[in-house]
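Structure, as structure tokens:
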Protein chains: 2
Amino acid sequence: MAVKKPTIKDVARLAGVSFKSVSRVVNNEAWVSDEVRTKVQAVIEQLNYQPNRTARLMRTAPFSLAFVYDNPNSHYVIEMQNGILTECREKGFELVIHPTDSASDQVRHELTSMIGTNLVGGVILTPPLSESTTLVQQLLEQQAKVVRIVSGAEPPDELCPTIYVDDEAAGQAITEHLLDQGHRHIAFLGYHKDHKSSLGRYRGYCAALHHAGFAVEDELVISGHFTFDSGVQMTEQLLQQSNKVTALFGCNDEIAAGALYAARKRQLAVPEDLSIVGFENSPFSRQTWPGLTTVHQPNAEIAARAAAMLISLMLEPEQTPKHCGFKLQLVLRDSVSPI
Amino acid sequence: MAVKKPTIKDVARLAGVSFKSVSRVVNNEAWVSDEVRTKVQAVIEQLNYQPNRTARLMRTAPFSLAFVYDNPNSHYVIEMQNGILTECREKGFELVIHPTDSASDQVRHELTSMIGTNLVGGVILTPPLSESTTLVQQLLEQQAKVVRIVSGAEPPDELCPTIYVDDEAAGQAITEHLLDQGHRHIAFLGYHKDHKSSLGRYRGYCAALHHAGFAVEDELVISGHFTFDSGVQMTEQLLQQSNKVTALFGCNDEIAAGALYAARKRQLAVPEDLSIVGFENSPFSRQTWPGLTTVHQPNAEIAARAAAMLISLMLEPEQTPKHCGFKLQLVLRDSVSPI
DNA sequence: TTTTTTATTGACAACGTTGACAGTCTGGTG
DNA sequence: CACCAGACTGTCAACGTTGTCAATAAAAAA
């Protein structure tokens, strides 16, 4: 044991050729005679030689990318990650993951450090980091390749290739669904002024109400976070202060699941006494009882797309990939009933 | 834009010292005068110089580790990952994640390649990969540092530092809890002969029954996977073929959640008509209704420990960290009632 | 035949860092 | 005063690749 890893020169010596020839074989370059090629390949096989990535990286651009996110416990993240990974594996890239606290000042430093030290060649940014223009600019200045995922009906600017997800349209669609079923007092759970997705969904909710000729009732709009616990707490608060509400729009599935839980605790039957909808179509939205009516957000697909764009950006820098928008579809299950 | 990243030599030139002195300052070596130190630091600041990791890596051991897993969608994985990440960040390591299909022959090649090409210096293995002695040996031969997480009351061998989790004792404890509540016909859902954790929990289940003087009823042991869907399906199968069963031991929380769902579908009240327990204490085990009685498996903590052991192994190779065992605790919630 | 092209190979210098080692001061000690 | 240790600094060779360019041999064109 403690055998040193074979290097390109070891292979060269055994094959009786120059180490440059070995390099050529390894990189599948032209102008190598079949004779040399087979001889070298045999030795590579024999020694189980594998080129040292680190050394290689000194001459070439990094073959790895970073996934930067903020909310480590959500399903959102793991689905995204899986999507990115499928793409990475296909293209032979490695993935470095980098959770971070977007509130902290460290973020900028950490990110520019990953780029600045040549660890990764590109970065996939998710909200809320992806919404900071200055951060994106800083990264770009360091010659990082950046792809960002944001909420919106179109990209906010032309800084970098962007994937935008139209929360507003979907928020409107699912609210309209509730209105169609006869609901008139629909609560919105999970409003958060600094959270673009929340805001988009909220705007869609307002638009649907307005189009239908109803006003937004302020006491039915509850602020909170995108978590189960927050969902429980918001629902309790709401049900205490209002008894006319017949439907709940949870800003994501976790909130909706929390609402479901709180309703159960209050002995309210869903959907008979109270209709509930979520947003995201995370796996557990079909595992609750009743299954949640929600909006399908194809996180893995979105992320895979982001990864594909980033990799193309790194490999063929001359051709900038286009932005890409995602429209979201309703998923009807059993948590809504007509009134 | 397109400014080249400053190198150690750029700093040296501007500071009017040799680049070796800069290196010394960067690495906090002794024997550097305060004068040089402050001068260099000023220039570093000014240029925003960051040492190139790749180049550094050519002279030193890699500062990153790989997390290798097989079941990308489970909570288990994301919790583990978060645990590893906390540890990594603290120690300044980067994490490369590597999902893989343990059934495929590629695994060995992929792993030895990560090591062989110097991408990472160490690997954290989870089941079922961690159970392959030959894989561990292969990795070790490549001078990889390996820490593995396995199921068992003690490490299976002395190949590498190991974290072992005593599924059997916990499986026994939770079965005893059910027996204490008067249950006599307890089904075991999620038996899988190739799955060590499943097997351990199953052995605990059997032991509890035997100690209490009951036999294991074969028709109450259902084979399946650790997923929600499998849980639903196994429960349906079970309830069709037996009507004496009063309690269900789901081999993990997802199975238990599936069982809950299937019971609901059959109009069975939990826990009144049927008691259900899970295993793992994943977040959603307290988000179901009723909350699941389960076994707390501190995945993040386990993984953080693994990472800490691995890092120590990489940094101070002379001192091998000790194995480390985890005992699991019952979490009593509302999915069990006395009979 | 001579020249040009085409295929094939090798020497050598990068890449940006750290480690080994050899200097050069300064001040104290014999 | 000579010597030495200690504090500091610099030179140079690695590390394992890839890129550049020159050298060679064989084949084709003149």
Side-chain angles (χ1 to χ4, degrees), chain A residues 3-41 43-44 47-64 113 115-119 121 142-143 315, chain B residues 3-41 43-44 47-64 113-121 142-143 315:
Chain A
V3 206
K4 282 207 59 178
K5 289 167 190 163
T7 76
I8 202 172
K9 296 193 179 172
D10 297 324
V11 177
R13 201 175 322 112
L14 253 93
V17 299
S18 77
F19 71 94
K20 178 67 223 198
S21 290
V22 178
S23 168
R24 273 189 268 260
V25 171
V26 169
N27 294 35
N28 255 310
E29 284 174 36
W31 314 141
V32 181
S33 67
D34 288 349
E35 190 200 342
V36 169
R37 194 179 295 275
T38 53
K39 203 165 49 178
V40 167
Q41 265 159 352
V43 178
I44 287 181
L47 291 186
N48 186 27
Y49 163 74
Q50 295 174 310
N52 180 318
R53 289 195 212 218
T54 311
R56 206 173 227 187
L57 242 44
M58 292 209 53
R59 313 302 324 268
T60 64
F63 268 58
S64 43
S113 150
I115 295 292
T117 62
N118 225 36
L119 211 209
Q142 302 243 350
Q143 304 141 66
L315 257 29
Chain B
V3 204
K4 283 207 55 178
K5 287 168 192 164
T7 75
I8 203 172
K9 296 193 179 171
D10 298 324
V11 177
R13 203 174 323 111
L14 251 94
V17 297
S18 78
F19 72 96
K20 180 67 224 197
S21 289
V22 179
S23 168
R24 274 190 267 260
V25 171
V26 169
N27 294 33
N28 256 309
E29 284 175 36
W31 315 142
V32 182
S33 68
D34 288 350
E35 191 199 339
V36 169
R37 193 179 294 274
T38 54
K39 203 164 51 180
V40 167
Q41 265 159 353
V43 178
I44 287 180
L47 292 186
N48 187 27
Y49 164 74
Q50 294 173 309
N52 181 318
R53 291 194 211 219
T54 310
R56 207 173 226 187
L57 242 44
M58 293 210 52
R59 313 305 323 272
T60 64
F63 268 58
S64 42
S113 150
M114 294 183 87
I115 295 292
T117 62
N118 224 35
L119 211 211
V120 298
Q142 303 242 350
Q143 303 140 66
L315 258 28

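Order of the sequence lines sets the chain letters (A, B, ...), proteins ahead of strands, with each chain counted from 1. Atom set for the values below is all heavy atoms of this structure, side chains included, hydrogens, waters and symmetry mates excluded.
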query = Would a distance-only check, ignoring hydrogens and angles, find a side-chain to backbone donor-acceptor pair under 3.5 Å from B:Ser64 to B:Leu119?
reply = yes

ask   = With distance as the sole test, does A:Lys39 use its side chain to make a donor-acceptor pair with the main-chain N or O of A:Gly16 at under 3.5 Å?
value = no

query = Minimum heavy-atom separation for B:Pro6 to B:Leu47, with atom names?
reply = CG-O, 3.7 Å

ask   = A:Ser21 and A:Val36: which non-hydrogen atoms are nearest, and at how many Å?
value = CB-CG1, 4.4 Å

message = For a 4.5 angstrom cut-off between non-hydrogen side-chain atoms, does B:Asn118 reach B:Pro62?
response = yes

Could you state the atom-to-atom distance from [atom1] of [X] to [atom2] of [N] in whole Å?
X       : N      : atom1 : atom2 : value
B:Met58 : D:dT18 : CE    : P     : 11 Å
B:Arg13 : D:dT9  : CZ    : P     : 20 Å
B:Tyr49 : C:dG16 : OH    : P     : 10 Å
A:Phe19 : C:dA13 : CZ    : C1'   : 10 Å
A:Asn52 : C:dT17 : CG    : C1'   : 14 Å
A:Arg37 : C:dA7  : CZ    : C1'   : 13 Å
B:Lys20 : D:dA13 : NZ    : C1'   : 12 Å
A:Leu57 : C:dG16 : CG    : P     : 13 Å

inquiry  = Check this for me: does the side-chain of B:Arg59 come within 3.5 Å of the base of C:dT18 through a donor and an acceptor?
reply    = yes

ask   = What about B:Lys9: does its side chain form a donor-acceptor pair under 3.5 Å with the base of C:dG16?
value = no

request  = Check each residue of residues 23-34 of chain B for a non-hydrogen atom within less than 4.0 Å of any atom in DNA chain C, then write out the ones that pass by number, or none.
outcome  = B:Ser23, B:Asn27

ask   = Considering only side-chain heavy atoms of A:Val17, which listed nucleotide, D:dT11, C:dT9, C:dG10, is closest?
value = C:dG10

inquiry  = Testing A:Val22, A:Asn52, A:Ile44 one by one against A:Ile8 for a side chain to side chain contact (heavy atoms under 4.5 Å, CB included), which residue passes?
reply    = A:Val22

ask   = Side-chain N or O of B:Ser21 less than 4.0 angstrom from OP1 or OP2 on D:dG10?
value = yes

Under-4.0 Å side-chain N/O to phosphate OP1/OP2 contact, B:Thr7 with C:dG16 = no

inquiry  = Is a donor from one side chain sitting under 3.5 angstrom from an acceptor on the other, for A:Asn27 and A:Arg56?
reply    = yes

